[in-house]
Amino acid sequence: MKVINAVLCPGCGSLCDDNEVYVEDNKIVKVRTDCAISTSKFLNFNKDRNTTPLIRVDGELKPTTLEAAIERVARILVEAEYPLIYGWSLTSCEAQKKGVELAEEVGGVIDNTTTVCHGPSILGVQDFGEPTCSLGEVRARADLIIYWGCNPSSAHTRHMKRYSSLSKGRFRLPEQRKVVVVDVRKTPTARNANLFIQVKPNQDYELMAALKMMLQNEEIEEQEVAGVPVEQIEELAELMRSCEFGVLFFGLGLTMSEGKERNIDGAITLVRELNRWTKFAIMPMRGHYNVTGANKVFTWQTGYPYAVDFSRGYPRYEPGDTTAVDVLSRGYNDATLVVASDPVANLPKDAVKHLCSKPLAVIDPHISLTAFMADVVIPCAFVGIEEGGTAYRMDGVGMILKKVVEPPEGILPDTQILDLILKRVRELKGGR
Amino acid sequence: MFSAYTATRACGVKVIMVELKLKMKGQSVAPIEGEMLTPDNLAKKSFNEILNLETWRGNRLVKLSEVFTVEGESTSNPSDLHLIIEGDLRKVRHIGAHMSAGKITINGPVGTFVGFEMSGGTIVVNGDADAFLGMGMSGGMIEVNGNAGDAVGSGYWGTRCGMRGGLIVIKGNAGAELGCWMKDGTIKVGGNADVFAGVRMQGGTIFVAGNVGAKLGAAMTNGKIVVLGNVPSILPSFNIDEIRANTKVDGEKVQGPFYVFYGDITEGGNGKLFISVPKNAHLKYREAYLL
């Protein structure tokens, strides 16, 4: 049995790098970690696995060769007037880079899953900047942790133990830290918090405005804001003002409720206000393990973090019009390539309806819901387990994914598949 | 072929406007760039030159004659050109972008970014307009005889500067973030406006005859918002100033009475909200703070 240590977990945006994986006969038999998501990922990644390229013939997905599948995908993309290339959050930066190259070559729109999670965070940051820090700094120094609209106990299970409230930092022990949770319901994270503030749904912005008023010593003409009594808001404002190093982690409770990027505007300006009193930072709780990487790669390659439109040959950025959900629900695109994502399971109904009505190609290790609806499915190696690469943690720290087992025979990593598609696309376009 | 009608310029001189009619051929799947559809661009061009103009349909460069049937004629002066565009234009974006003179009439529903960064002239939409209407405009007028989408009169992402002048009139409803980052000019909405109307507003006037969503005037630093209908709530960062019998929008008197709130205090703002008193009995408790 081989033991591989310091393996990065391709589970969530926390990207824990202290997992030990036990491999026997090219099979993972045991994982040493205290995270249920990670264990499940490493032990069950082979479930619902697809190992043959599939192509739709007479309404049914039938096995085919890799060459035939690549040919079909290349033709779909070359013939399309406005192809959408979507996904990218569950793969390596190397594959994302190839994706941008492909989008430019076929003159399409490339978007990552940021569009349905922290896209509003990016819009907020573009307006106001991001007073942030690394997770290491949080672990070493933070004495006030605020989780706003997120539930790490369920979604980022080791976040608290490794980086925040329960971690033993260089200058802070767990008992020296205070935890505040602001959410619409009492989540498992809220049950262990020092202070839980139950805000009415869609009224986070009001609560943040009230907090800013208190930090500026202004009087509020209300007894209660967003369902929270003014005394409790005062208590929270005092807690924030008097801490030595505070950090505000926020999740989809802020980005996807009423107001979207305006809620992030509110949160960033609240942190800006707090920095007049003490040291305070803000950080989005990114979900997919390499969605931060997708933003980094897109920005480094095109200048824009997501929703990049190459239809005119150069990158353009119009979120609200070139974001995947808007492209699909306005019915702009006439073909779609999905890589490392499952939009059929996640996007709004109208968008999915349009997605399935046009030629759809999928590159995914599993038979996902999107793969079921696709015209071509190309199986790929599972990045992070069967293929190495680079990934970015939620705080923007780049890390190296390890290859721990070999992929099934004949299965290529998505970088190689994208390379083959690119080559064929260039050949086909050369004829024009 | 040739048709013309008489229009009166602001200075009172009567001019004959030359009409150029474009009718959408069929329906496209991919979005079509309509930014060349402005009087500035089409004036001084012969009929054939107009037919051979190139635009983007998705990633393909196509001739204007492939997308539209063209009738009428052009003129040498953009101010005298009246462009009439017809059909289902929901996938045509950027119509009237950067226009500075003349008139565009759009008969039918239209896509995003109508009047993008326009500085003069008139656009009339006889149908619904999609999001980002009048984004970054600095002058001229847009009239929508239907509903408009989100972020009317806003600014390009990250510029922190929305509409800088001109007038937008919407007969129907407007979407969220109406007049976001707006710096000057006027927006009038005949129906309702969604949440975050006047967010980050820095000047100018917004008038809504119907109801508005929550978070009205969030983080505004200057400007004026007048609402004749219902407002679900006022942000805690706005304080009541006074009760006024009436107010003015673009020189016209609007009958009140109005609660006047000032804010957004957290941004050191001096914006004013004029909220109808009779339609907002639930705000009566704020009167206690008037001394």
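Remember, predicted model here, so these are calculated numbers, not experimental data. Chain naming here is simple, since letters A, B, ... match the order of the sequence lines and numbering starts at 1 in each.
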**Mutual orientation of the aromatic rings belonging to B/F274 and B/F258 [parallel < 30°, tilted 30-60°, perpendicular > 60°]** = perpendicular
Interface moiety of [X] toward chain B, non-hydrogen atoms closer than 4.5 Å:
X	result
A/E261	side chain
A/E224	neither
A/E218	side chain
A/D127	both
A/F310	neither
A/V106	backbone
A/E206	both
A/D309	side chain

**Worked check of side chain to side chain contact (heavy atoms under 4.5 Å, CB included) between B/E287 and B/Y259** = CA-CA 9 Å; B/E287 287 178 23; B/Y259 289 121; 2.6 Å; yes
Contact class of [X] relative to chain A, heavy atoms under 4.5 angstrom:
X	result
B/V199	side chain
B/D194	neither
B/A176	neither

In terms of heavy-atom pairs under 4.5 Å, which option from [options] contacts chain B the most?
options	value
A/E273, A/K212, A/M213	A/M213
A/G331, A/A209, A/A210	A/G331
A/N333, A/D265, A/N202	A/D265
A/Q203, A/E219, A/E222	A/E222

**Message:** Pair B/F132, B/F113 - check ring-ring contact (aromatic ring centres under 6.0 Å, His included), show working.
**Reply:** CA-CA 5 Å; B/F132 313 115; B/F113 301 100; 4.9 Å; yes
**Item:** Pair A/H118-A/F250, ring-ring contact (aromatic ring centres under 6.0 Å, His included): steps then yes or no
**Value:** CA-CA 10 Å; A/H118 278 281; A/F250 65 95; 5.6 Å; yes
**Request:** Take B/F261 and B/F238, measure what ring-ring contact (aromatic ring centres under 6.0 Å, His included) needs, and give me the verdict at the end.
**Result:** CA-CA 6 Å; B/F261 294 90; B/F238 281 82; 7.5 Å; no
**Request:** Determine, stepwise, if the pair A/D350 / A/S329 fulfils side chain to side chain donor-acceptor pair (under 3.5 Å).
**Result:** CA-CA 6 Å; A/D350 286 350; A/S329 46; over 6 Å; no
Relative to [Y], does [X] satisfy both conditions: NZ or CZ under 6.0 angstrom from the six-membered ring centre, and within 45 degrees of the ring's axis?
X	Y	value
B/K25	B/F68	no
A/K358	A/Y332	no
B/R160	B/W181	no

**Asked** Between B/I265, B/T159, B/D150, B/L61, which has the largest tally of heavy atom pairs under 4.5 Å with chain A?
**Response** B/I265
**Item:** Top of B/G111, B/S237, B/P31 for chain A proximity - count of heavy-atom pairs under 4.5 angstrom
**Value:** B/P31
**Request:** Could you walk me through whether B/H94 and B/E117 pass side chain to side chain donor-acceptor pair (under 3.5 Å), step by step?
**Result:** CA-CA 10 Å; B/H94 296 110; B/E117 293 188 349; over 6 Å; no
**Complete:** Between B/V144 and B/N147 the two heavy atoms that sit nearest each other are CG1-O, 3.8 Å
